[in-house]
2 protein chains.
Amino acid sequence: MTLTLDAIDRHILRVLQRGGRISNVELAREVGLSPSPCLRRVRLLEEAGIIDRYVAVLDPTKVGAGLTVFARVCFRTQDAEVTLRFAEAVRRFPEVMECYLTTGECDAVLRIVTADLHSYWRFQADHLTRIPSVLSVKTDVPMETLKRSYELPLR
Amino acid sequence: MTLTLDAIDRHILRVLQRGGRISNVELAREVGLSPSPCLRRVRLLEEAGIIDRYVAVLDPTKVGAGLTVFARVCFRTQDAEVTLRFAEAVRRFPEVMECYLTTGECDAVLRIVTADLHSYWRFQADHLTRIPSVLSVKTDVPMETLKRSYELPLR
DNA sequence: CAGAATATTGGCATATCATGCCAAACTTTC
DNA sequence: GAAAGTTTGGCATGATATGCCAATATTCTG
């Protein structure tokens, strides 16, 4: 399995990051190949796990998920048991899109999606702060979106 | 144009958020329709902008984008000119995946993707803090990923 | 540098799929 | 309860995906 991506591979990835449902015929034309080798490359990228999956991107404001909030959480203690239980709880909440453990001032950062500010406060009060591991939550509330991208930068 | 989603529409959206390249035949089977009305519904959801686009999701660790950092930025001043220039700068950086203006302690929060910690510090020192609008940057550095989802919660 | 081994490509054949159209079934409205 | 409007399912057609094979390009080796 070749894990070194050449220029054509990166071109394929760039195109597929912009439009995941492009037909293989058109993709091949864009990257300058005929359909057969193009499809083979895509399959290899999929099998290597470089292409993880294809998804439909919904308009958050139109499906009642218009507010994105970044929350910083401090735990009561930092032991493995507390962390594990926090992870399990977080994975059950569909509102939590991303969650990372951090070092420094806080123990975890989350990207949380809800309909609006009211829904967020309810989620924080009813669910997030009720996870036993959680000591405190700090948030910065977004007022306006300056940028939202779905393309990872390809060096 | 019907903007009220019924159960079938939400089912379609759920399936497409998990697999954006599923064939219409299989999608129809999963939601309990025949292919024709199923495709019609998908097209309507696309035209309404509820489905914004389809994208390939890449494995960040395999394309040199393994580190996600949330940064909080304070501006020198809060006037419109400073904000506008910040927005333009941020949109030019492919590393900046998301950027929101906030009220409260900081003026903006960013989700930034780079290869590793070294690349991030270089990005922050060479680019982010050199935007004239930027006074200071605070970050929490993630050590471990607990959750990463691409599905907006559908009420 | 030559020759062989390997990997990659392009074209073709076939099965699957997308998509427009129309009649039938269902829902809503008055 | 009848009529208008909406949604559905099936069919036909054109486009697409995909496996296979020969030809080409690339890399390795002596």
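Everything numeric here is computed off the predicted structure, so don't read it as measured data. Chain letters run A, B, ... following the sequence lines, proteins first, then strands; residues in each count from 1.
Nucleic acid contact for R41(A): sugar-phosphate only, since backbone atoms but no base atoms lie under 4.0 Å from a heavy atom of the residue.
The two residues S119(A) and T114(A) make their nearest non-hydrogen contact at CB-CB, 3.9 Å. Considering all non-hydrogen atoms of both residues, V134(A) and V137(A) come closest at CG1-CG2, 3.8 Å. Listed here is the closest heavy atom pair of P132(A) and R76(A): O-NE, 3.1 Å.
Distance CG/L110(B) to CG/L128(B): 6.0 Å, rounded to 0.5 Å. With rounding to the nearest 0.5 angstrom, the OG1 atom of T139(A) is 8.5 Å from the CD1 atom of I112(A). Between atom CZ of residue R122(A) and atom CD of residue E95(A) there is a gap of 9.5 Å, rounded to the nearest 0.5 Å.
In this structure, CD1 of I8(A) is placed 13 Å from C1' of dG10(C), rounded to the nearest angstrom. Distance, L33(A) CG to dA17(D) P: 14 Å, rounded to whole Å. To the nearest angstrom, P of dT8(C) lies 12 Å from CG of L45(A). Summarising the geometry, the separation between CZ on R40(B) and C1' on dT8(D) is reported as 9 Å, rounded to the nearest angstrom. In this entry the distance linking CG of L44(B) with P of dT7(D) reads 8 Å, nearest Å.
In R148(A), the CZ atom is crowded: over 12 heavy atoms of neighbouring residues, nucleotides or ligands sit closer than 6.0 Å.
For residues 19-37 of chain B, the side-chain hydrogen bond (donor to acceptor under 3.5 Å, both in side chains) pairs, not counting sequence neighbours, are Y54(A)-R21(B).
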Output field dot_bracket for DNA chain C (Watson-Crick or G-U, both distances under 3.5 Å, | for other-strand pairs) contains ||||||||||||||||||||||||||||||
Polar atom pairs between nucleotides 17-19 of chain C and protein, under 3.5 Å, N or O only, would you list them?
residue : atom : partner : partner atom : Å
dA18(C) : OP1  : N24(B)  : N            : 2.6
dA18(C) : OP2  : N24(B)  : N            : 3.2
dA18(C) : OP2  : V25(B)  : N            : 3.3
dT19(C) : OP1  : R43(B)  : NH2          : 3.4
dT19(C) : OP2  : R43(B)  : NH2          : 2.1

